[in-house]
Amino acid sequence: MPEPAITPELVAEHNLTAEEYEKIKEILGREPNYTELGIFSVMWSEHCSYKNTRPLLKGFPTKSPKVLVPAGEENAGVLDIGDGLAISFKIESHNHPSAVEPFQGAATGVGGILRDIFTMGARPIAAMNSLRFGDISNPEVRRLFSGVVSGIAHYGNCFGIPTVAGEVYFDKSYEGNPLVNAFCLGVLRHEQIARGAAKGIGNPVFYVGPATGRDGLAGAAFASQDLTEDSQEQQRGSVQVGDPFMEKLVCEACLELLDTGAVAGIQDMGAAGLTCSTCETAARGGTGIELDLDKVPQRGPDMTSYELMLSESQERMLIIVEKGREDEVKRIFDKWDLPWAQVGVVTDTGQMVVKHKGEIVADMPAAKLADDAPIYHREAREPKYLKNVRAFTLDGFSDLDGSDAINETLNKLLAWPSIASKNWVFRQYDFQVRNGTCLIPGSDAAVIRVKKDSMPKSKNDDPDETFDDKFLALTSDCNGAYTYLDPYVGGKIAVTEAARNLACSGALPIGSTDNLNFGNPHNPELFWQLKEAVRGLAEGCSAFEAPVTGGNVSLYNQNPDGAIDPTPTMSMVGLIECEGDITSQWFKDEGDAIILLGEPVDSEDKLQGLGGSAYLQVSHDTKSGTPPRCELDDARKLNTTLLGLIQAGGVKSAHDCSEGGLLVALAECCISNNPTRETPALIGASIDLSDQTDQSDEPKAADSESDAIGEPNSKLPSSTPHLRTDALLFGETQHRVIVTCSDPEAAKITDRAKLMGVPAKRIGTVGGENLTIKSGDTETTWSTTNLHDTWWNAIDRAMA
Amino acid sequence: MKFGVLQFPASNCDQDAIHAIRHLGHEADYIWHKEESVGDVQAIVVPGGFSYGDYLRCGAIAQFSPVMQAVKKFAEDGGFVIGICNGFQVLCESGLLPGALVRNKALKFRCEHVLLKTANHKTPFTAGTPHDKLLRIPIAHGEGCYFADDETLKKLKDNHQILWQYADSNGELTDAANPNGSINNIAGVSNATHNVAGLMPHPERACESLLDSADGNLIFESMIAKLAGVSEAAVA
């Protein structure tokens, strides 16, 4: 079959600009052929090259004493967790494939991130995900949501990875362009870190995994375009098909293989398949690779070199083997009944040379292809809509009046799909396989345990190797509405909420991974969102000493109506010192004291924490106003204090206030413990907020010492004369956590918090069957049974 | 005491079973699916997972593996075999246990804790469970709806082969407590001679209070106590 001639149209179809084409000619010193053009187009797509975002990403903190492999060096970063052990984790998007074919799109998203982790030599031990969909009342949205969740469940459950945490939001802006970000974490010993470099001239290059087909042709390029109305039809062929059974075998075989020491380099064939894996390994090794496509296992007849190089057939790995040790490798592949082939050799030319049917079909400098992609400093301009956002006031929004209005608002918020329990989702995921899940989905963060048999097997397996179990907390957070209303603050809030969720679970952050989901970077307003959000994320990650160890950029997330809410997903991992520090969010025992850490309402925020709130969206159909202020010093102080209190013992539960504010958080503390199917462990609470709303002075504490140490005012200063009830109950002022402790501990805990400079106040007592709130003169009571039903079954009802 | 845990190509709860048994202070080792002998083990666990990817029917391909022929022989000789989740499916497919497991009634994979009532306390798998104790153990399956025809069901009842049933916190066998639509709320059964058992819930995941329940240990401890009795008898 003759290859098409290279025309300007063909170049454009490959998403390459005329300037980029000139650069290609310059690198090659000639015109590229069709296969070479295809190779450049995927290697220089945003997905592989970060050509639009690289300058921004440089702002992220990437170093700490714990970082063993920093961001950008390999498939995923690696962090030290002590005792010679390490973790490797990363998040990656599969948004566009999931929009077109939700089940396979999401499933292969999980498959891809699992491969990134075991390629590092780590055994994957936990997964989570961050999902965004349109309005759940839209049947098409429900189809995508249902398909994505089934796809994640199918792949993860079959592979045998516990999916322990995640987040799901629903908002119109994601209609037609859902976000599917998948995260995986693995564990390994320091000496087991594997590298993706083609080292050793003359070393054979092996291909392992299923045969290459036409599926997923140029998926990386597809991921780097706007979705249009025709995408679904045109692009279905770009979506890969996953086989978790095969992935499980490939993973086991690779870990076994790495332990032999016969592997010189290893790389998964993810985006851009054979192309990316060969150029990147050669570029990292400073070598060249010669590939013989006739040796590549092929699923269909007559596949062209273009198709073979660009296919994204799943579950394939490229392995560079130490010469002379081929037999050991073959023995392991055969043990696992895996297809394999020796497809090439490492050379000293620096060139990627591809042969097919006796001819050279590509001959290009590997390092230039991998590392010399064009870099664009895009124009950024503040979006016009922000003028209105900043001008927004609460004038004209009547405050909540009376217990009926308060009652109804809480019920509406708990049933709002973004706040409602996500059990419809996580009960489809196996979240317990591998005997490591200490805190299951449904609390602020998941907690997993790393035990000796979590580690990849080692031939030097020292029977005397002992280490205490280690405990890791995992969370993923981002509020797209905040980021839309102020990308910089939204970015900071994503980080602070993640760090706060870890603190509530008893963990100290050690690292993070981000997934930047944004619109078309050629649009200066959308690029400004990206730039600002990255600035916020970077400041946040620095403040919490949680370096970014890797991540993913997904641009062009828009449907014909416009771009998505900018969504910089932040996944963070923390270390818990000992088992006793693991803390869950739900109330524990009758009579326990309920303490609010943090200022009830931010007195310096003219919107009193209601800007961008769930309450404004649900009760007033308004997504506007500047989001709550996020002061990193306050956030850090709160987390340090909370963690200190947890480590000192005495804190029985901790839950942060986020979407829906204080009242939603309190309700969740009463209803979110679900130890057994159909039998939640409900517990009520009596809350008194009346002295927050009346302006009379709080009775002075008997001891005057508290003043001497500068007790922060836990009451609203009288400079805020009109404290709104809706702001107190449903406002989203940052840096607030609800903790409980036994009654006698309460004074000690509030005193210690205040000593650390964190406002703290006892607001109620755990017990009974109802949740009762006194605010001003109003008392409102809910049965926890009803609240639970509203919250627990909301998504099930929406999906029925 | 030494347990053997079968390892099919995509078993994924094999390591958890080993962990649970070693945690109780006993020996446990893998038996690779291509082995033709089970070696010197005193009990066998057929673990959960997706054995061969389960592309045909859960557990349908595993029954033809070399190791399953050895397991059949081991069971015929009276050896203790317990199948968990996919392992239960494998034992049903290979005819070692009656009945079949089909798609959950709600058509969705379900992962959550359930309560199990022990229906027959006179087997090697249940003798150690106190009579009034409900076991709190997690499930994680998409095809765990137990089905048997009327004739089989009658035999199961007559021979006291129903070992575990899904119950509510009062021990009642309600529909709400049944996570998958299993007939008679059946969660696990044994063969007629009560030396082979299978259940959908995962006792090996409920083996430490750190993991939120240690009730699963009662099942393994019961097997261990019975085996200890058998070996003592053999010595005597």
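No experiment lies behind these values; they were computed from the predicted model shown. So you know, we letter chains A, B, ... as the sequences are listed, proteins then strands, and number each from 1.
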Chemist: Are the side chains of B:Phe50 and A:Lys248 in contact, using a 4.5 Å heavy-atom criterion?
Modeler: no
Chemist: With only heavy atoms counted, which part of B:Ser213 is less than 4.5 Å from chain A, the side chain, the backbone, both or neither?
Modeler: neither
Chemist: Is it the backbone or the side chain of A:Asn157 that comes under 4.5 Å from a heavy atom of chain B, or both, or neither?
Modeler: both
Chemist: State the CG-CG distance between A:Asp430 and B:Asn12, to the nearest 0.5 angstrom.
Modeler: 7.0 Å
Chemist: Taking the side chain as every heavy atom from C-beta outward, state whether A:Thr676 and B:Arg136 have any pair of such atoms under 4.5 Å apart.
Modeler: yes
Chemist: Check whether any side-chain heavy atom of A:Asn674 sits under 4.5 Å from a side-chain heavy atom of B:Glu112, and report yes or no.
Modeler: no
Chemist: List the steps and the verdict of side chain to side chain contact (heavy atoms under 4.5 Å, CB included) for B:His113 and A:Gln432.
Modeler: CA-CA 10 Å; B:His113 280 85; A:Gln432 288 190 312; 3.4 Å; yes
Chemist: With only heavy atoms counted, which part of B:Asn178 is less than 4.5 Å from chain A, the side chain, the backbone, both or neither?
Modeler: backbone
Chemist: For B:Ala206, is it the side chain, the backbone, both, or neither that has a heavy atom closer than 4.5 Å to a heavy atom of chain A?
Modeler: neither
Chemist: Quick test of your reading of the model: are A:Lys451 and B:Glu208 salt-bridged, counting only N-O distances below 4.0 Å?
Modeler: no
Chemist: Who among B:Ala177, B:Ala20, B:Pro179, B:Ser51 has the most heavy-atom pairs with chain A under 4.5 Å?
Modeler: B:Pro179
Chemist: Go through the steps to decide whether A:Arg427 and B:Phe109 satisfy the test side chain to side chain contact (heavy atoms under 4.5 Å, CB included), and finish with yes or no.
Modeler: CA-CA 7 Å; A:Arg427 286 198 299 159; B:Phe109 190 96; over 6 Å; no
Chemist: Out of A:Glu252, A:Met246, A:Lys335, which one racks up the most heavy-atom pairs below 4.5 Å with chain B?
Modeler: A:Lys335
Chemist: Near B:Lys72 NZ, under 6.0 Å, is it more than 12 heavy atoms from other residues, nucleotides or ligands?
Modeler: yes
Chemist: The criterion is side-chain contact (heavy atoms from CB on, under 4.5 Å); which residues satisfy it with B:Pro9, sequence neighbours excluded?
Modeler: A:Phe245, A:Leu249, B:His33, B:Tyr52
Chemist: Only pairs of heavy atoms separated by less than 4.5 Å count here; which of A:Asp469, A:Thr679, A:Asp243, A:Asp453 has the most with chain B?
Modeler: A:Asp453
Chemist: Side chains of A:Arg677 and B:Tyr166: does their closest heavy-atom pair fall under 4.5 Å?
Modeler: no
Chemist: Within residues 138-147 of chain B, which residues come under 4.5 Å of chain A, heavy atom to heavy atom?
Modeler: B:Pro138, B:Ala140
Chemist: Is it the case that the side chains of A:Gln428 and B:Arg110 hold a donor-acceptor pair, with the cut-off being a distance below 3.5 Å and no angle test?
Modeler: no
Chemist: Would you list the atom pairs, donor with acceptor, under 3.5 Å between side chains in residues 793-800 of chain A and any protein atom, with sequence neighbours excluded?
Modeler:
{"from": "A:Asn793", "atom 1": "ND2", "to": "A:Asp789", "atom 2": "OD1", "distance (Å)": "2.7"}
{"from": "A:Arg797", "atom 1": "NH1", "to": "A:Asp789", "atom 2": "O", "distance (Å)": "3.4"}
{"from": "A:Arg797", "atom 1": "NH2", "to": "A:Asp789", "atom 2": "OD1", "distance (Å)": "2.8"}
{"from": "A:Arg797", "atom 1": "NH2", "to": "A:Asp789", "atom 2": "OD2", "distance (Å)": "2.8"}

Chemist: Can you tell me how far the OG atom of A:Ser146 sits from the NZ atom of B:Lys108, to the nearest 0.5 Å?
Modeler: 5.0 Å
Chemist: Should we count CD of B:Gln69 as having more than 12 external heavy atoms under 6.0 Å?
Modeler: yes
Chemist: Hey, are the side chains of A:Val433 and B:Asp16 touching, using non-hydrogen atoms and a 4.5 Å cut-off?
Modeler: yes
Chemist: Would you say the side-chain atoms of A:Asn435 pair up with the backbone N or O of B:Glu204, donor to acceptor, closer than 3.5 Å?
Modeler: yes
Chemist: So for A:Asn423, is it side chain, backbone, both, or neither that comes closer than 4.5 Å to the heavy atoms of chain B?
Modeler: neither
Chemist: Output the residues of residues 436-445 of chain A for which the shortest heavy-atom distance to chain B is under 4.5 Å, in residue-number order; output 'none' if no such residue exists.
Modeler: A:Gly436, A:Thr437, A:Cys438
Chemist: Under the side chain to side chain contact (heavy atoms under 4.5 Å, CB included) rule, what do B:Lys34 and A:Asp337 come out as? Steps first, then yes or no, please.
Modeler: CA-CA 11 Å; B:Lys34 292 177 185 171; A:Asp337 295 320; 3.2 Å; yes
Chemist: Counting only N and O atoms by type, is there a donor-acceptor contact under 3.5 Å from the side chain of A:Glu579 to the main-chain atoms of B:Leu210?
Modeler: no
Chemist: Against chain A, label B:Thr174 side chain, backbone, both or neither, depending on which of its atoms sit under 4.5 Å from a heavy atom there.
Modeler: neither
